[in-house]
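Taking it in order: structure first as structure tokens, then the write-up.
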Amino acid sequence: MSTAHPASLSFRSAVEADVPELVVLVESAYRGDASRAGWTTEADFLDGQRTDEAGVRSIIEAEDGAVLVVERAGELVACCQLEHRGDHAYFGMFAVRPGLQGGGLGKEILAEAERRARETWGAKEMRMTVVNVREELIAYYVRRGYRRTGELSPFPYGDQRFGIPLRDDLAFELLVKDL
């Protein structure tokens with residue numbers, strides 16, 4: 001069975017008990033040597049943490065948001081954040097276990113997140129921010145219908161909750177897709 005087969009994945013909203021495992025998943029997909037097993041690593045330009053338990057817990061507890069837990073055979077394989085923001089939804093904290101990246105899971109999860117934002121909140125578009133130097137990742141989202149806006153917001157230099165920058169040219173670019 002293909003890892004991307006939709007029937008093989010189950011989706012649910014995260015609960016408090018998921019927080020520690022979600023932090024481990026997100027950290028493994030983005031930071032440190034373990035993240036280099038996948039293609040979403042930020043280890044070449046960001047050190048330190050990607051998130052922490054307080055950050056994940058605040059998303060889970062938010063009235064207009066959720067962390068979508070993705071499991072296969074009862075095992076956590078991915079997650080993403082969805083937040084209702086008026087006429088649009090925000091997509092973030094997307095993490096797929098590094099050893100499973102590149103097998104089509106991301107495409108399936110993104111499509112499910114878009115469907116939920118559209119059907120649950122009536123969102124007209126999905127928005128996300130991506131670190132501007134992540135050209136390969138930005139190209140991935142462009143192939144899935146997102147458009148680059150050129151709108152940049154500053155990286156939170158000095159706030160180690162978001163990592164320790166290894167370069168001084170980081171910013172977040174807004175990507176948008178009509179739903």
Do you know the tightest heavy-atom contact between [X] and [Y]?
X	Y	value
Ala117	Leu179	CB-CD1, 4.1 Å
Leu22	Cys79	CD2-CB, 3.6 Å
Ala78	Ile109	CB-CD1, 3.4 Å
Gly163	Arg31	CA-NH2, 3.7 Å
Gly55	Ser58	O-OG, 2.8 Å

Less than 4.5 Å apart, side chain to side chain, heavy atoms only: is that true for [X] and [Y]?
X	Y	answer
Asn132	Asp169	no
Gln49	Gln160	no
Val56	Val26	no
Met126	Leu110	no
Glu21	Val69	no

Rounded to the nearest 0.5 Å, how far apart are [atom1] of [X] and [atom2] of [Y]?
X	Y	atom1	atom2	result
Leu25	Thr51	CG	OG1	11.0 Å
Arg116	Trp121	CZ	CH2	10.0 Å
Arg144	Leu175	CZ	CG	13.0 Å
Leu82	Met93	CG	CE	10.0 Å
Ser28	Arg97	OG	CZ	7.5 Å
Ile59	Tyr90	CD1	OH	8.5 Å

Just jot down the salt bridge (charged side-chain N to carboxylate O under 4.0 Å, His left out) partners of [X], sequence neighbours excluded, or say none.
X	value
Glu83	Arg85
Asp52	none
Asp168	none
Arg118	none

Contacts of type side-chain contact (heavy atoms from CB on, under 4.5 Å), residue [X], not counting sequence neighbours:
X	value
Arg147	Glu125, Val176, Asp178
Ala29	Thr40, Ala95, Gln101
Pro165	Leu46, Phe155, Tyr157, Leu170

Practice problem: Determine, using the 4.5 Å side-chain heavy-atom cutoff (strictly less than), whether Tyr140 and Val131 are members of one ILVMFWY cluster. | Solution: no

Quiz item: Quick one: do Val133 and Tyr146 end up in the same hydrophobic cluster if we chain Ile, Leu, Val, Met, Phe, Trp and Tyr together by side-chain heavy atoms under 4.5 Å apart?
Solution: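 As far as the 4.5 Å side-chain criterion goes, Tyr146 and Val133 are not connected within one cluster.
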
My understanding is that only residues two or more places apart in sequence, or in another chain, count here; which of them pass ring pair (Phe, Tyr, Trp, His ring centres under 6.0 Å) with [X]?
X	answer
His88	none
Phe162	none
Phe91	Phe94
Phe45	none

Quiz item: How far apart are the C-alpha atoms of Arg115 and Glu119, what are their side-chain angles, what is the distance that settles it, and do they pass the salt bridge (charged side-chain N to carboxylate O under 4.0 Å, His left out) test?
Solution: CA-CA 6 Å; Arg115 184 193 69 74; Glu119 293 180 7; 2.5 Å; yes

Self-check item: NZ/NE/NH1/NH2 to OD/OE distance under 4.0 Å, Arg72 and Glu75
Solution: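 Salt bridge flag = no for Glu75 with Arg72.
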
Quiz prompt | Arg167/Glu42 under salt bridge (charged side-chain N to carboxylate O under 4.0 Å, His left out): CA gap, chis, key distance, verdict | solution = CA-CA 12 Å; Arg167 44 193 288 182; Glu42 295 173 341; over 6 Å; no

Self-check item: Check: Leu174 main-chain N/O paired with Thr149 side-chain donor or acceptor under 3.5 Å
Solution: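 The answer is yes, because a donor-acceptor pair under 3.5 Å joins these two groups.
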
Self-check item: Phe172 and Val130: CA distance, side-chain angles, deciding distance, side chain to side chain contact (heavy atoms under 4.5 Å, CB included) verdict
Solution: CA-CA 5 Å; Phe172 294 108; Val130 179; over 6 Å; no

Exercise. For residues 8-17, pull every pair meeting salt bridge (Lys or Arg N to Asp or Glu O under 4.0 Å), keeping only residues two or more places apart or in separate chains.
Key: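 Pairs touching residues 8-17 that pass the test: Arg12-Asp18, Arg12-Glu71, Glu16-Arg57.
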
